[in-house]
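A short worksheet on the structure shown next.
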Amino acid sequence: MAKYFRYTEKETEYLKKRDKKLGREIDLIGEVKREMEPDLFTALISSIISQQISTKAADTITDRLTNLVGKLTPQNINNVELKSIQKCGMSFRKAGYIKHAADAVLNKTVDFDNLHNLTDDEAAKE
């Protein structure tokens, strides 16, 4: 079952006050049900893949990567060559970012399980 990003009127009103143009669009569009990925590592990999490409292209590349490695886990990504990841249809640089993210988790440079305990600034730095 899909999970959706949840927000309240408080967050909506904050955004509308911060940006009048955005506020007009919020009033025009209404509530947006945005599907979210609860696993932070998988969400990061999906975000890397989807940067500056269409949703359809990102879905295709994600499907190819999943077919290559199985479940998108740091260990599974670590087990394949950089070139194989790149051949899923993404730039060599994006493939490198994906490998680096997996390595950071495996080497405990980044602890996704602890991010929710950090402030926004600390999480961004992490």
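Counting begins at 1 with the first residue of the sequence. Bear in mind that the values here come from a model prediction, so they are computed numbers and not experimental data.
- Residues that satisfy the side-chain hydrogen bond (donor to acceptor under 3.5 Å, both in side chains) test with S50, not counting sequence neighbours, are absent from this structure.
- How far CD1 of I48 is from OG of S91: 10.0 Å, rounded to the nearest 0.5 Å.
- Counting only residues at least two apart or on different chains, the side chain to side chain donor-acceptor pair (under 3.5 Å) pairs with a member in residues 35-45 are D39-T42.
- For L118, the side-chain contact (heavy atoms from CB on, under 4.5 Å) partners at least two apart in sequence or on another chain are N114, L115, E122, A123, E126.
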> Going through the checks in order, is the side chain to side chain contact (heavy atoms under 4.5 Å, CB included) test met by L44 and F112?
Replying inline: CA-CA 10 Å; L44 175 62; F112 284 104; 3.7 Å; yes
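- Residues passing the side-chain hydrogen bond (donor to acceptor under 3.5 Å, both in side chains) test with N78: none are found, sequence neighbours excluded.
- Scanning for side-chain contact (heavy atoms from CB on, under 4.5 Å) contacts around A95 gives L82, I85, Q86, M90, with sequence neighbours left out.
- Scored by the side-chain hydrogen bond (donor to acceptor under 3.5 Å, both in side chains) test, D120 finds no partners at all (sequence neighbours excluded).
- Between L68 and S84, the closest heavy-atom pair is CD2-O, 3.6 Å.
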Show me the donor-acceptor pairs within less than 3.5 Å that the side chains of residues 17-29 make with the rest of the protein, sequence neighbours left out.
residue: D19; atom: OD1; partner: K21; partner atom: N; Å: 3.0
residue: D19; atom: OD1; partner: L22; partner atom: N; Å: 2.9
residue: D27; atom: OD1; partner: K16; partner atom: NZ; Å: 2.6

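- Contacts of T12 classified as side-chain hydrogen bond (donor to acceptor under 3.5 Å, both in side chains), with partners at least two apart in sequence or in another chain: none.
- For K71, the side-chain contact (heavy atoms from CB on, under 4.5 Å) criterion is met by T73, N76, not counting sequence neighbours.
- Residues in residues 81-108 take part in no salt bridge (charged side-chain N to carboxylate O under 4.0 Å, His left out) pair, two or more places apart or across chains.
- Residues meeting the side-chain contact (heavy atoms from CB on, under 4.5 Å) test with E9, sequence neighbours left out: E13.
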Could you give the side-chain donor-acceptor pairs of residues 55-62 under 3.5 Å, partners two or more places apart or in another chain?
residue: T60; atom: OG1; partner: K56; partner atom: O; Å: 3.1
residue: T62; atom: OG1; partner: A58; partner atom: O; Å: 2.8

